[in-house]
Structures are given as C-alpha cells and as structure tokens.
Colleague: 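Have a look at the structure that comes next, please.
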Amino acid sequence: MQVLVLNSGSSSIKFQLFSMPAETILCSGLIERIGMDDAKFIYKTEKDAIEHITAIYNHKQGLELLAHQLLDNETGIIKSASDIDIVGHRVVQGGARFKETTEITQWAKDNIKDLFSLAPLHNPANFEGIEVAEAIFPSAKQVAVFDTAFHQSIPEHAYRYAIPNNLLTEHKIRMYGFHGTSHKYVSEQAIHYLGKKESKIISIHLGNGCSITAIKNGKAVDHSMGLTPLDGLIMGTRSGDIDPSVIFHLASKLNYSLNEINTLLQKKSGMLGLTGFSDLREIEIEAAKGNRDCLLALQMNTYRIKKYIGSYAAILNGLDAIVFTAGIGENSELMRSMVCTDLDFLGIEIDSEKNKERSKHLRAINTDQSKVKILIIPTNEELEIAKQSVQLFEN
C-alpha cells in the first residue's frame, strides 16, 4: 500500500511517500518559503536528489509542482496517479467536530472549511491540498489527521476561558491546541527513551509556528496555543501571547479594521515584525553581526519559552524531560542554549558540547548531573499521519 502524506504549514509543504505497513520511505521532500520568488523545492528518492529555487506563490502551485515531480518519467516514483492508495493530510484545526482521524467526505470538507477562521494560515492551505489531491489522485482514499486530536485529553479547567458559559456551550469557544501530531510522536519517543511507566515531559515544537505542551503519562494536560494557532510563543510571523486590549486600541485609536488587525497579528508580527526577517537562520546571522533588533528578538523569544517551561513544571509537579523538535528546535544550537541557560533550579543543565553535535537521531544534550533530560527528537509527523491513515481502514 502506498500512502502519500501532505503536511501543509503556513509557508511550507512537507511530503513523504510511504510503502505501508513496512514504513519504507519511497520519496520525501519539502517546499519552503511559499509566497516568495525564491521558494525552494527539495525532492529525494533512494537514487535521486533534486533541489531548485523557483517562484511558488501559493500552496496549490506547490502541490501541482510536487505531483508533476512524482509522475516524472525519469525521476518520478510512480507511473500513474492510481498507484497512490491513500493521501493523508495534516489538518490543523478540527474544532469540537473532529476528535479523531477521519476519511474525507463532502461533509468533512464542508466542516474543515467552516473552521477556516480558527486557523486562517493553515486550514485554507490544508483544504487546498485536499482538493488538489482529489483532482490529481481521484482513486485514492483521502484522510484527514487533525493537529487538535492529541489535545483532547487536556482537562476542562485548562482548556476553558473565563468568559460567559454560553460561548463554550453554544459556540465552542475554548482552547483546542495544535501541532498535536508532532507532540504525540516525539512524546512517545521520549517515553520510550526514559523507560518509565509514569513520565512528566514538556515538548517544545519550534518552527515557523511554535508551541509547547505539558504531557503527563503520555497525555497532553496543557498547551500554549488556544482557540487558534495565534496564541502562545513568539513565532515566525505570529505575535503569540498579547493583551486583548491591544486589539481594541488598534481599532478605536489607530483606526485599524478587523481584517487589518488579523493580518497584522498573523502575518506581520512575531520575529518578522521585530526584525524584518521571518526565517530564524537569517535572524541568527544578523544577531551575530550585532543587529540589536535581532538580538532582542532572540531574547524575547527564548524568554517566552522559559516562562512556559516554569509554569508547566509547576502544573506537572516535576519534570523528567524537555524535548526540542521541529526545524528550529532540532537545528538551532543557539536557541536551545538560550532556553536552557539559568534553569538549573529546575534541574535543567545543558551540555554545551553535546548541544553543538549534529544528528538526525534522538539525542540527549544534558550534563551528567542534570536531573532533567534535555532531548532533541526529530519529529516525523508524516510517518504518524501515514500510520493513523492506514489504521483508519484496518478498524
């Protein structure tokens, strides 16, 4: 069985084609910097590695480029669109309607579309991926795996907002949580590494989108994102935590429209708003040159993460491990160092030499004396999506 997994982020598409149930990767790749003239397309198979820079202005264009590559006579991996049995899609917001992996029907599509306002950078891209995949692979079963599903275990006292009850009961306004597929995957890897039946873990997913989850005995108990992926940590273009009164001030005093405020907080804030750059690699380079805005943005970013670590350690009443994952978490030595410095009162002590090592595998970067394990675990949301997609039709 061949399962194509599409993981559409706000400005990227990660993809992998698996032979299941063997979990063999037939091809993999990444389209990043979507919306830019210098977007990057990366495609790898056992015998080929293709990488080129091209203008990709939206997710539809990126997915069409991927489909063309998969079917290429010389470097493609399939001979016909009918070779794909299942297409598994990451869908960010499932709201209260989707609590588990779901086969995509018209009802599912209508409901995913209805949730656009709760994940404006993601659900439209996820939906576009579904529609393009339906057109290109018409014989394949289409499956949605929801970021919000892993967070269904978060207790009511944590997911509710202190607003009138009817806004929850009638309109389902609450914290849902995101990046659940990633947090689930890496937390399971961490639990296996720890070898403990009971565990207290903080999972830190750092990419263009960032989130942090408190996980007790394999179940999410709190999370930084809320009703939408805008809340919580400072991100590439999203503000993260902000006083709601700022929105009223922008509207009443500075005459911003609601659409302008939404665009400001979703697409023009975060590291981009602070520095002019949304890519952390560029920010770190500029910071090393002494760029004050970039230095301050890194301090703000890691300060916010440390605040969450402290609060989640209190919620968990202890801590066995913290996990860094996703593009920044796995690759930024500087961010990991800044986050873990001066947390020794929690038993978190980073080994600077181990932190410099590069690897594609799980590794511990804490000192021998550290009471808390500091783990780097490469996330594999695509494999998790493939497994859940296949399981849907086995049950």
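Just so you know, these numbers come straight off a predicted model, no measurement behind them.
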Colleague: Just jot down the side chain to side chain donor-acceptor pair (under 3.5 Å) partners of Glu284, sequence neighbours excluded, or say none.
Modeller: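 Glu284 satisfies side chain to side chain donor-acceptor pair (under 3.5 Å) with Ser332 only.
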Colleague: List, by chain and then residue number, the residues other than Tyr256 in its hydrophobic cluster (Ile/Leu/Val/Met/Phe/Trp/Tyr, side-chain heavy atoms under 4.5 Å); write none if there are no others.
Modeller: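 Under the 4.5 Å side-chain rule, Tyr256 groups with Leu230, Ile242, Val246, Ile247, Leu250, Leu254, Ile261, Leu264, Leu265.
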Colleague: Do Glu32 and Arg281 meet the salt-bridge criterion of a basic N to acidic O distance under 4.0 Å?
Modeller: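 Judged by the 4.0 Å cut-off on N to carboxylate O distance, Arg281 and Glu32 do form a salt bridge.
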Colleague: Which residues satisfy the ring-ring contact (aromatic ring centres under 6.0 Å, His included) test with Phe248, sequence neighbours excluded?
Modeller: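 Residues passing ring-ring contact (aromatic ring centres under 6.0 Å, His included) with Phe248: none at all.
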Colleague: Before you tell me yes or no, could you show the steps for Asp147 and Tyr176 under side-chain hydrogen bond (donor to acceptor under 3.5 Å, both in side chains), namely the whole-Å CA-CA distance, both residues' side-chain angles and the distance that decides it to 0.1 Å?
Modeller: CA-CA 9 Å; Asp147 267 12; Tyr176 287 103; over 6 Å; no
Colleague: Sequence neighbours left out, what passes ring-ring contact (aromatic ring centres under 6.0 Å, His included) with His179? Give chain and number order.
Modeller: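 If we apply the ring-ring contact (aromatic ring centres under 6.0 Å, His included) test to His179, skipping adjacent residues, the hits are His205.
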Colleague: Taking only residues two or more places apart in sequence or in another chain, which ones pass side chain to side chain donor-acceptor pair (under 3.5 Å) with Asn366?
Modeller: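 Side chain to side chain donor-acceptor pair (under 3.5 Å) check on Asn366 returns nothing, list empty.
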Colleague: With a 3.5 Å cut-off and sequence neighbours excluded, list the donor-acceptor pairs that the side chains of residues 48-56 form with protein atoms.
Modeller:
none

Colleague: Are Ile77 and Leu65 connected in the hydrophobic side-chain network, where two residues link if heavy atoms are under 4.5 Å apart?
Modeller: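 Yes, it is one cluster - the side chains of Ile77 and Leu65 are joined through contacts under 4.5 Å.
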Colleague: Mind running salt bridge (Lys or Arg N to Asp or Glu O under 4.0 Å) on Lys373 and Asp320 for me, showing each step along the way?
Modeller: CA-CA 6 Å; Lys373 299 294 184 184; Asp320 295 307; over 6 Å; no
Colleague: Looking at residues at least two apart in the chain, or sitting in another chain, which of them share a salt bridge (charged side-chain N to carboxylate O under 4.0 Å, His left out) with Asp368?
Modeller: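 Residues passing salt bridge (charged side-chain N to carboxylate O under 4.0 Å, His left out) with Asp368: Lys354.
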Colleague: What side-chain donor-acceptor pairs closer than 3.5 Å can you find for residues 290-303, not counting sequence neighbours?
Modeller:
from, atom 1, to, atom 2, distance (Å)
Asn291, OD1, Asp293, N, 3.0
Asn291, OD1, Cys294, N, 3.1
Thr302, OG1, Leu298, O, 2.9
Thr302, OG1, Gln299, O, 3.3

Colleague: Assess the residue pair Leu392 and Gln388 against the criterion (side-chain contact (heavy atoms from CB on, under 4.5 Å)); give the C-alpha distance rounded to whole Å, side-chain angles, the decisive distance to 0.1 Å, and a yes or no.
Modeller: CA-CA 6 Å; Leu392 178 65; Gln388 291 189 36; over 6 Å; no
Colleague: Using the rule that Ile, Leu, Val, Met, Phe, Trp and Tyr join whenever any side-chain heavy atoms are under 4.5 Å apart, tell me whether Tyr43 and Val5 fall into a single cluster.
Modeller: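 Per the 4.5 Å side-chain linkage, Tyr43 and Val5 are not co-clustered.
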Colleague: Once salt bridge (charged side-chain N to carboxylate O under 4.0 Å, His left out) is applied, do any residues pair with Lys197, and if so which ones, sequence neighbours excluded?
Modeller: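 Result, salt bridge (charged side-chain N to carboxylate O under 4.0 Å, His left out) vs Lys197: none returned.
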Colleague: Establish whether Val339 and Ile328 are linked, either directly or via other cluster members, by ILVMFWY side-chain heavy-atom contacts under 4.5 Å.
Modeller: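 Same hydrophobic cluster.
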Colleague: Under the side-chain hydrogen bond (donor to acceptor under 3.5 Å, both in side chains) definition, can you give me all pairs with a residue in residues 224-236, not counting sequence neighbours?
Modeller: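 Sorted pair list comes back empty.
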Colleague: Pairs in or reaching into residues 122-143: which pass side-chain hydrogen bond (donor to acceptor under 3.5 Å, both in side chains), with residues at least two apart or in two chains?
Modeller: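 Listed once each, the pairs are His89-Gln142, Lys109-Glu131, Lys109-Glu134.
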Colleague: I'd like to check the salt bridge (charged side-chain N to carboxylate O under 4.0 Å, His left out) partners of Glu353; sequence neighbours left out, ordered by chain and number.
Modeller: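 So Glu353 forms a salt bridge (charged side-chain N to carboxylate O under 4.0 Å, His left out) with Lys356.
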Colleague: Do the side chains of Arg97 and Asp114 get close enough for a salt bridge, i.e. N-O under 4.0 angstrom?
Modeller: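 Yes, this pair counts.
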